[in-house]
Every structure is written in C-alpha cells, then in structure tokens.
2 protein chains.
Amino acid sequence: MKHSEGLEWAIHSCALLAMMPPGTPLPRRLLAEFFELPEPYLAKQLQKLSQAGIVETRRGPRGGYVLARKPEDITLLQMVEAIDGPDRHFVCTEIRRCGPTGVAGKHYTRPCGIARSMWKAEAAWRKELAATSLADIQHLGMAETPPEQTAKAIAWFQANLLQGETE
Amino acid sequence: MKHSEGLEWAIHSCALLAMMPPGTPLPRRLLAEFFELPEPYLAKQLQKLSQAGIVETRRGPRGGYVLARKPEDITLLQMVEAIDGPDRHFVCTEIRRCGPTGVAGKHYTRPCGIARSMWKAEAAWRKELAATSLADIQHLGMAETPPEQTAKAIAWFQANLLQGETE
DNA sequence: ATAATAATGGATATGTTATGTCCATTATTA
DNA sequence: TAATAATGGACATAACATATCCATTATTAT
Ligand code: SF4
Ligand code: SF4
C-alpha cells in the first residue's frame, strides 16, 4: 500500500511546467534529463496526464508539454487520479457473501459498516487533495526555496532548449 | 495503489470477534472456514493483529483468538496500520535531489510543498480512521442487518466449536 | 506424563502489478 | 522534405502480494 513512483514524477513534472514562463513547451527528453529519470517510463506518466487533460502536447520541433490550465485550476486530486486511477483503495470483495450462513448473502448485499467506514476516510483524503491546487503547492515550495533556485532551473531549461536550436 | 486483500480479512475477523460473546476464543480454522479463505494466509494477518496487540491468542485446545480490548477501544486506524504498516503512502525519493542544478540539493533538503500536501491529505485520512472504532462499525452494520443474521453466525461458530468437543 | 490442539515464524512457491525498454506510427514545424 | 516530438502497443524485468508448507512452542484435557 504505497503510491507508485510514477505519481511522484508526474506531480514534479507538473510543478516544473507551472513555474516555466507560459508558451514554452518542455519536451520529455529534457524533463527526464532534469530529474535523471528513465525517459520511456516517464513518457507513460506524461501520457496519462495528457489523457486526463491536465497537460497539453505540442508535437514536432519546439514541441513538448504545457499545462492545459492555470495552476490554480489544477488540483492535486486531478493529478493523483490521472496516474493512480479513480478507483477506491479499499475494495469489498464480498468475501464470499459475508459468511457461510446462507442468509447472509441476501442481507449483506449493500456496503456494510466496514466498507463505508473505510470509504468515508478515503473521502476525507480526496477532499483534502481536491482543496489543494498546483498553485498552492508552488506557494508552499516558494516559502522554503530561495528565488535564485527557481531562476537557475528555468535558465537550465532555456539553455538546453536553445542548444538544439543552434546546432 | 490499493489495499491488500489481507486487510479486508483482518477487519472482518475483528468484526466477528467483536460480536462473539466474550470468553469464547475463535480458532483460525473456523474463521477461515466461515469466510472460505485460505487458512495459512489468514494466519499471517491474524499474527499481525496479534503482534499489534489488537487480538490476544490462547494456544492449545479450546484456544484461538479474542479481542484484546473492548470494541470501543479498537480503532480502524490501529487495524489498518497493523496490516499495512505505519509508513506513509506517498514517498519522497528525493528524485535525484530535486533537479540537476547543483544548488537544488542544498536547499530542498526539507520536505517541499508536494510532499507536505500529500502528507496533509494522508493525515486527514488517518484522522478519520482514528475516529472510527470497531464498535462504530458494528453499529453501522447493525442498522442494516437483521438481528437473526448475527444470531445465526454466532450459532454456527458455537456448533462447530462443540463438534470438536464431542468427538 | 502424554496426546491432542492451536498459534508462531521461517522458508518457499506462485501470481500480479509496477517498473522499465523498445519500436513503428502520427503529427508538426523548419 | 527532413527533423523533431508525442503516441501507443508490445515486451522484459523487478517488486510485491498472495498462498502454501513445516518444524516448533505453548496450552489444555485426559
Ligand atoms: S461485510 Fe462489508 S466489506 Fe465485507 S464483504 Fe460484506 S459488504 Fe463488503
Ligand atoms: S521536491 Fe519535494 S517531494 Fe520532490 S523529491 Fe524534493 S522534497 Fe521530495
């Protein structure tokens, strides 16, 4: 019971896209290089973000990924569900119809106290995620990160984007 | 990202123990038979519950598992952590020290906005689980389950317990 | 004491999912 | 037209959940 690593990568990618000046798509090659991640696998996560409508893609030269909406309009829940799916974590397998005593099956057809309690807790989790936007995450990060840090990262990307250009 | 099936079994086992009249230990053989689960694997989950101090064990004939505390004093969180462990679901792998730009590593040493937002949501989940007791779960279930259902389950166990006796 | 019951914990096997890689295709731009 | 870049399917590998087995220890009844 832990989140996939791909989720971490996806959120980080979004956070990066959010801090780039608008109108500059980042190709996944640079994203992978920046984080030192395996590019083909990162591609999977970015595809999921794309399918979920969180990022937009530009194909061809000077293409890459851009946020589809403003950071304020992208919630943590949307990113999490894009990668991990919308399914509940606690699954009721009906555990052989809740006991062998025949009658059981008839009456336990609706979710019982166990499932509902677990799902209620998940709802609290989702609510918190839905209340957090990508912009909120940025602000939290800013409070701890010196501004020149952000500038350096942006500069790195712009330099590497240009490199492909001039050669 | 979903809970192990073992968790479902463990909670169900606790719920059963809770509705049994006190002082009657249930051997795992009957628990497994009741739910039609593989006994050796269910044993693993019960061992975890035992190690966590949620159930107590009686070895030998007429032995089995009993709740270690009153249902009001056993929370859902305790059961979940007994099975799935206390670790956080979102793990920060430091993702190559948060970027290649050298400086990054120095400043990002503390959890950033991403990790803290994810962990905040998990805290909400845990809080909800901690606020739910085994007794609460029982009451929720009672509201939907006819009383004769419970009686039948108890009777089934007592009959099977006696069976071993008389032979 | 002895035999039977029952949990324990280590070792091991199997299956499923997450992780990682590769490639042919499509779309876009210079 | 050539180069860039995302897409999606197929595939390989690693990690983990699930499942089984067995020797051991503790307890109770006889
Ligand atoms: S008791 Fe509840 S959680 Fe368990 S199988 Fe039945 S409906 Fe599902
Ligand atoms: S940015 Fe935050 S979540 Fe990501 S690796 Fe750094 S501290 Fe961990």
Side-chain angles (χ1 to χ4, degrees), chain A residues 1-10 13 17 24-33 35-52 54-66 68 83-85 87 89 91 93 95 160-167, chain B residues 1-10 13 17 24-33 35-52 54-66 68 83-85 87 89 91 93 95 160-167:
Chain A
M1 180 60 183
K2 67 190 234 316
H3 287 286
S4 70
E5 244 180 298
L7 175 64
E8 191 188 359
W9 306 353
S13 298
L17 294 180
T24 54
L26 294 187
R28 70 176 185 223
R29 173 179 56 83
L30 288 187
L31 279 171
E33 196 180 333
F35 290 127
E36 299 183 37
L37 296 177
E39 188 190 329
Y41 190 44
L42 177 62
K44 298 295 182 203
Q45 325 300 141
L46 292 170
Q47 277 173 25
K48 284 184 186 176
L49 288 176
S50 164
Q51 286 160 0
I54 293 173
V55 301
E56 279 176 357
T57 63
R58 305 277 165 74
R59 291 185 169 188
R62 289 172 150 275
Y65 297 91
V66 201
I83 303 299
D84 275 2
D87 291 346
H89 299 161
V91 287
T93 60
I95 206 168
N160 282 77
L161 280 171
L162 288 174
Q163 227 175 24
E165 212 77 356
T166 47
E167 282 173 24
Chain B
M1 179 61 184
K2 66 190 237 313
H3 287 287
S4 70
E5 242 179 299
L7 175 64
E8 191 187 359
W9 306 351
S13 298
L17 294 181
T24 53
L26 294 187
R28 70 175 184 225
R29 173 178 57 81
L30 288 187
L31 279 172
E33 198 181 333
F35 290 128
E36 299 184 38
L37 296 177
E39 188 190 329
Y41 189 44
L42 176 63
K44 298 297 181 200
Q45 324 301 139
L46 292 170
Q47 276 174 26
K48 285 185 185 176
L49 288 176
S50 163
Q51 286 160 1
I54 294 173
V55 301
E56 279 176 359
T57 64
R58 304 276 165 75
R59 291 185 169 189
R62 291 173 148 274
Y65 297 91
V66 199
I83 303 300
D84 275 2
D87 292 345
H89 299 161
V91 287
T93 60
I95 206 169
N160 284 78
L161 279 170
L162 287 175
Q163 226 173 27
E165 211 76 356
T166 47
E167 281 174 22

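Heavy-atom basis, side chains included; hydrogens, waters and symmetry copies ignored. Numbers restart at 1 for each chain; the letters A, B, ... are given by sequence-line order, proteins then strands.
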Roughly, in whole Å, what's the span from [atom1] in [X] to [atom2] in [N]?
{"X": "B:Y65", "N": "C:dA6", "atom1": "OH", "atom2": "P", "answer": "11 Å"}
{"X": "A:Q47", "N": "C:dC22", "atom1": "CD", "atom2": "C1'", "answer": "13 Å"}
{"X": "A:I83", "N": "C:dA18", "atom1": "CD1", "atom2": "P", "answer": "12 Å"}
{"X": "B:K48", "N": "C:dG9", "atom1": "NZ", "atom2": "P", "answer": "13 Å"}
{"X": "A:E8", "N": "C:dA18", "atom1": "CD", "atom2": "P", "answer": "16 Å"}
{"X": "A:R58", "N": "D:dA3", "atom1": "CZ", "atom2": "P", "answer": "24 Å"}
{"X": "A:L17", "N": "D:dA6", "atom1": "CG", "atom2": "P", "answer": "11 Å"}
{"X": "B:E56", "N": "C:dA7", "atom1": "CD", "atom2": "C1'", "answer": "14 Å"}

For [X], which residues count as a side-chain hydrogen bond (donor to acceptor under 3.5 Å, both in side chains) partner, sequence neighbours excluded?
{"X": "A:Q45", "answer": "none"}
{"X": "B:R58", "answer": "none"}
{"X": "A:E56", "answer": "none"}
{"X": "A:H89", "answer": "none"}

**OP:** Would you please name every residue forming a side chain to side chain contact (heavy atoms under 4.5 Å, CB included) with A:A52, sequence neighbours left out?
**Re:**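 A:I54, A:A82.
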Subject >> Test side chain to side chain contact (heavy atoms under 4.5 Å, CB included) applied to B:P61 - qualifying residues, sequence neighbours left out >> reply: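 None.
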Original post:
Is the shortest heavy-atom distance from the side chain of A:P27 to the side chain of A:L161 under 4.5 Å?
Top reply: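 Yes; the side chains approach each other to less than 4.5 Å.
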**OP:** Compare all side-chain heavy atoms of B:M1 with those of A:M1 and state whether any distance is below 4.5 angstrom.
**Re:**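 B:M1 vs A:M1: side chains touch.
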**OP:** Represent DNA chain C in dot-bracket notation, 5' to 3'. Only Watson-Crick or G-U wobble pairs with both distances under 3.5 Å count; pseudoknot-style crossings use [ ] and interstrand partners use |.
**Re:** ||||||||||||||||||||||||||||||
Subject >> B:S13 side chain vs B:W9 backbone, donor-acceptor pair below 3.5 Å >> reply: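 Yes, the answer is positive, given that a donor and an acceptor are paired below the 3.5 Å cut-off.
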Dump every N/O contact between nucleotides 15-21 of chain D and the protein below 3.5 Å, one line per pair.
unit_1 : atom_1 : unit_2 : atom_2 : d
D:dT18 : OP1    : B:E5   : N      : 2.7
D:dT18 : OP2    : B:Y41  : OH     : 3.2

**OP:** Respond yes when some side-chain nitrogen or oxygen of A:Q51 is under 4.0 Å from OP1 or OP2 of D:dT7, and no when none is.
**Re:**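 It does not, given that no N or O in the side chain of A:Q51 lies less than 4.0 Å from OP1 or OP2 of D:dT7.
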Atom pairs, protein N/O to nucleotides 22-25 of chain D N/O, distance under 3.5 Å:
unit_1 : atom_1 : unit_2 : atom_2 : d
D:dT25 : O2     : B:R59  : NH1    : 2.9

Original post:
Is a salt bridge present between B:R29 and B:E39, judged by a nitrogen-to-oxygen distance below 4.0 Å?
Top reply: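 The answer is no: the pair does not qualify as a salt bridge.
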**OP:** Measure from the side chain of A:T57, starting at C-beta and using heavy atoms only, and say which of C:dG9, D:dT7, C:dT5 lies closest.
**Re:**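 Of the options given, the side chain of A:T57 lies nearest D:dT7.
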**OP:** Working to the nearest 0.5 Å, report the span between CG of A:L17 and CG of A:L31.
**Re:**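 The distance works out to 6.0 Å.
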